[in-house]
2 protein chains.
Amino acid sequence: MGSVSIPFDVLAEPTRRRILDLLLERPRLVGELTEHLGLSQPGTSKHLRVLREAGLVRVRAEAQRRWYELRPEPLREVDAWLAPYRGLWGTSLDALERHLDAMPDEMEEP
Amino acid sequence: MGSVSIPFDVLAEPTRRRILDLLLERPRLVGELTEHLGLSQPGTSKHLRVLREAGLVRVRAEAQRRWYELRPEPLREVDAWLAPYRGLWGTSLDALERHLDAMPDEMEEP
DNA sequence: AGGCTATATACCCGCAACGGCATGTATGGT
DNA sequence: ACCATACATGCCGTTGCGGGTATATAGCCT
């Protein structure tokens, strides 16, 4: 609880992003993920724990198996953070020009 | 060079995100950023170095001053990674349902 | 019950990141 | 020339993360 902060740090890990990409196709078992990642099983579990605590995945227990499934909600915050930047690329050349245009003399703060 | 990898790790740092947010408004001097961040000046410079190497900011030298300005291009890759996930939130309840629907028996990989 | 399977947890290690202080370097001002 | 300003870099200490191995836990199967 307390996952108000954007899960950028969770997504910073390439392995964890790969896990999410794999779960994007379909839910998977830990063993399956482990195999795909070329990682030790505990290593995989650890990443899954982080993802779980970030609310990015959910677990469904079936006997001893654990089906991990995607939970994209937290990615909303990433999307939200990205929003003001979106549209800045590709519009003209860069954001610079307009900025340099909009600050001719007022650059000292009170 | 070699910034093919998505700059998630760079964005994982809250301070660096704050810097980008500040630069979103207008270009700023290092001292100005330092003040806003409540951080030591060298600390700020180091973060700026990371952002620079990630191509997320650009520097314009004016005498001894350095104007740091935003360069949003690399955020495109973040946006691109996010793309397949976008639309998964809010559509129905979750992505789970459809997944659980689409894998009744084929769960073993070839 | 015993053993096998599937996953989680505990512990340890190595390394890289963040922060601070001290110092280097360049430019301006006087 | 000298000192101040603005920033970068170097070095250090601490901390946290990612990975591995060993071990616990839980549920099947015979």
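In what follows, chains carry the letters A, B, and so on, assigned in the order in which the sequence lines appear, proteins first and then strands, with residues in each chain numbered from 1. Computed over heavy atoms, backbone and side chain alike; hydrogens, waters and symmetry mates excluded.
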Participant: State whether B/Ser40 places a side-chain N or O below 4.0 Å from either non-bridging phosphate oxygen (OP1 or OP2) of C/dA22.
Facilitator: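 The answer is no; no side-chain N or O of B/Ser40 sits under 4.0 Å from OP1 or OP2.
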Participant: Rounded to whole Å, please give me the gap between CD in A/Glu53 and P in D/dG18.
Facilitator: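 It works out to 12 Å between those atoms.
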Participant: Which heavy atom of A/Leu23 sits nearest a heavy atom of A/Glu69, and at what distance?
Facilitator: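 In this case the closest contact between A/Leu23 and A/Glu69 is CD1-C, 4.3 Å.
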Participant: Between CG of A/Leu88 and CG of A/Leu82, what distance do you get to the nearest 0.5 Å?
Facilitator: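 Reported to 0.5 Å precision, the distance equals 10.0 Å.
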Participant: Below 4.0 angstrom from OP1 or OP2 of D/dC17, is there any side-chain N or O of A/His47?
Facilitator: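 Answer is no, no contact under 4.0 Å.
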Participant: Please report the C-alpha distance between B/His36 and B/Leu22 in whole Å, then the side-chain angles of each, then the deciding distance to 0.1 Å, and finally whether the side-chain contact (heavy atoms from CB on, under 4.5 Å) criterion is met.
Facilitator: CA-CA 9 Å; B/His36 277 275; B/Leu22 287 166; 3.8 Å; yes
Participant: Report the distance from atom CG of A/Leu39 to atom C1' of C/dA6, rounded to the nearest whole Å.
Facilitator: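 Whole-Å distance recorded here is 16 Å.
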Participant: Could you check whether the rings of A/Phe8 and B/Phe8 sit parallel, tilted or perpendicular, using 30° and 60° as the cut-offs?
Facilitator: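 The arrangement is tilted - the two ring planes meet at 30° to 60°.
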Participant: Distance check needed: D/dG18 P versus A/Arg18 CZ, whole Å only.
Facilitator: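 Spelled out: CZ on A/Arg18 to P on D/dG18 is 16 Å.
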Participant: Please list, for nucleotides 5-11 of chain D, all pairs of protein and nucleotide N/O atoms separated by less than 3.5 Å.
Facilitator:
residue	atom	partner	partner atom	Å
D/dC7	OP1	B/Val30	N	3.3
D/dC7	OP1	B/Arg66	N	3.4
D/dC7	OP2	B/Gly31	N	2.9
D/dA8	OP1	B/Tyr68	OH	2.4
D/dA8	OP2	B/Ser45	OG	2.3
D/dA8	N7	B/Gln41	NE2	2.9
D/dA8	N6	B/Gln41	OE1	3.4
D/dC11	N4	B/Lys46	NZ	3.4

Participant: Given atom CD of B/Glu13 and atom P of D/dG16, what is their separation to the nearest angstrom?
Facilitator: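 Those two atoms, CD and P, are 13 Å apart.
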Participant: Quick check: B/Tyr85 with B/Trp89 (ring centres under 6.0 Å apart)?
Facilitator: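 B/Trp89 vs B/Tyr85: aromatic centres not under 6.0 Å.
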Participant: For residues B/Arg52 and B/Tyr68, report the shortest heavy-atom separation together with the two atoms involved.
Facilitator: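 In this case the closest contact between B/Arg52 and B/Tyr68 is NH2-OH, 3.2 Å.
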